2 protein chains.
Amino acid sequence: MRWEELGEQPCSMSRTLAVVGDRWTLLILRDCFLGVRRFDAFERRIGLTRHLLADRLKKLVEHGVLVKVPYQQRPLREEYRLTEKGLALHPVILSLVSWGDAWMADERGAPIEHYHKGCGQRMKPVMVCSECAEPVGPRDIDVRPGAAFGEEVEKLLAG
Amino acid sequence: MRWEELGEQPCSMSRTLAVVGDRWTLLILRDCFLGVRRFDAFERRIGLTRHLLADRLKKLVEHGVLVKVPYQQRPLREEYRLTEKGLALHPVILSLVSWGDAWMADERGAPIEHYHKGCGQRMKPVMVCSECAEPVGPRDIDVRPGAAFGEEVEKLLAG
DNA sequence: ATAGTGGGTTTCATTTTGGAACTTGTCAAG
DNA sequence: CTTGACAAGTTCCAAAATGAAACCCACTAT
């Protein structure tokens with residue numbers, strides 16, 4: 001399966017990965033959430049080749065995750081900003097970082113600490129149910145094919 | 001930067017991506033959470049080459065995300081199961097799927113619906129603060145270098 | 001006139017992937 | 001006892017993606 005096919009699968013995860021499922025893209029997005037916006041800043045911080053950076057930024061713009069916004073004329077210079085669609089990826093980034101903090105840290109602990117502005121405390125993100133607000137674990141969820149899909153998705157669930 | 005270097009960065013996101021930051025690995029993990037355990041089942045469902053599947057499974061086992069458990073002798077057959085470390089990736093999978101449901105669905109809606117066993121309702125995952133239980137958005141978090149890291153990480157934050 | 005900056009593109013060698021066939025141990029059917 | 005099937009890989013080769021480094025263009029500052 002190639003990248004193009006991936007985006008056409010009847011699976012939200014495949015479709016998401018068709019957009020952000022590569023290490024560089026996710027590192028670019030991490031930086032976007034830290035406020036980085038310019039080509040050369042991404043290049044320096046992430047250490048990927050300009051070639052790939054240009055390619056990944058273009059794809060993110062095509063998918064509507066980032067927009068190019070001019071910040072000066074003569075010569076025209078544009079920066080990359082998260083759209084609403086891009087901002088919605090925040091839980092993805094947060095959960096990746098949180099797993100790294102918990103399972104990949106060395107004896108020095110987490111490289112970065114997160115403080116919740118609302119309550120001022122050092123926090124980690126927790127996933128809860130939108131309906132009852134209880135935390136959800138791997139065994140707490142039942143999965144069923146969407147109404148408008150039928151067999152197509154049942155096969156996927158059954159294996 | 002190569003994969004090996006990625007895992008040594010003082011950034012929890014890089015370290016996480018060194019383990020799961022590739023499309024096949026994440027699709028394998030999605031299937032693990034759906035209960036898939038055998039080599040040929042992954043192969044059929046995901047449609048990746050055996051070559052890569054073997055490689056990715058080996059890496060996941062090396063990183064302690066999956067374990068091989070024998071399910072028959074003569075001939076020896078082993079299946080792959082999520083460890084505690086692997087189960088901890090649930091929020092990552094959930095947030096990827098949820099973003100796809102919200103932003104990549106076609107007119108038929110989400111391919112798969114999630115029901116919370118606790119309350120019985122159709123749900124989506126929400127990220128909240130571990131301390132005050134309020135939802136956290138992109139602007140609600142302050143980020144500071146971990147106590148044991150210093151300049152090394154401050155540079156990364158400043159850009 | 002010269003050097004620097006921001007945002008790329010081009011070129012080419014090296015890696016990674018995709019596709020398909022081959023292997024190994026075992027059982028079951030004809 | 002020969003053939004076929006199954007599970008879980010491995011091997012081989014061609015095609016695609018990546019990494020490194022140089023080059024380009026429109027300006028600005030010195």
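In what follows, chains carry the letters A, B, and so on, assigned in the order in which the sequence lines appear, proteins first and then strands, with residues in each chain numbered from 1. If you're wondering where the values come from, they're calculated on a predicted model, not measured in any experiment. Side chains included, hydrogens not; waters and symmetry mates left out as well; all remaining heavy atoms used.
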(Q) Let's see if you can work this out: which of D:dT10, C:dG8, D:dG19 has an atom nearest to the side-chain heavy atoms of A:T49? (A) D:dG19

**Q.** Donor-acceptor pair, side chain of B:S130 and main chain of A:P125, under 3.5 angstrom
**A.** no

Q) C:dT5 phosphate, OP1 or OP2: any side-chain N/O from A:R44 under 4.0 angstrom? A) no

Q: Could you state the atom-to-atom distance from NZ of B:K58 to C1' of D:dT10 in whole Å?
A: 11 Å

Which protein N or O atoms sit under 3.5 Å from an N or O of nucleotides 22-29 of chain C?
| residue | atom | partner | partner atom | Å |
| --- | --- | --- | --- | --- |
| C:dG25 | N2 | B:R77 | NH2 | 2.8 |

Q.
Tell me whether B:E62 at atom CD has more than 12 heavy atoms from other residues, nucleotides or ligands lying less than 6.0 Å away.
A. yes

Q. Under 4.0 Å: is that the gap between some side-chain N or O of B:W24 and OP1 or OP2 of C:dT16?
A. no

Q.
Ring-plane angle category for A:H90 and A:F33, please: parallel below 30°, perpendicular beyond 60°, tilted otherwise.
A. tilted

Q | Residues that, via side-chain heavy atoms closer than 4.5 angstrom, fall in one hydrophobic cluster with B:V126 | A | A:V126, A:V128, B:V128

Q. What integer distance in Å separates B:L52:CG from D:dA8:P?
A. 18 Å

Q: Nearest whole angstrom, please: distance from the P of C:dT10 to the CG of A:D55.
A: 13 Å

(Q) Counting only side-chain nitrogens and oxygens, does B:Y80 get under 4.0 Å of the OP1 or OP2 atom of D:dA7? (A) no

(Q) Working note: A:R45 + A:V36, criterion side-chain contact (heavy atoms from CB on, under 4.5 Å); need CA distance, chi angles, decisive distance, verdict. (A) CA-CA 9 Å; A:R45 293 169 49 86; A:V36 175; 3.3 Å; yes

Q: Report the end-to-end axis angle of the helix from C:dA1-D:dT30 to C:dG30-D:dC1; each axis comes from five terminal pairs, and the value is rounded to 10°.
A: 10°

Q. Base, sugar-phosphate, or nothing for A:F42, non-hydrogen atoms under 4.0 angstrom?
A. nothing

Q: Examine D:dA17: is either OP1 or OP2 under 4.0 Å from a nitrogen or oxygen in the side chain of A:R23? Give yes or no.
A: no

Q. Quick one: A:E43 CD to C:dT5 P, roughly how many Å, whole number?
A. 13 Å

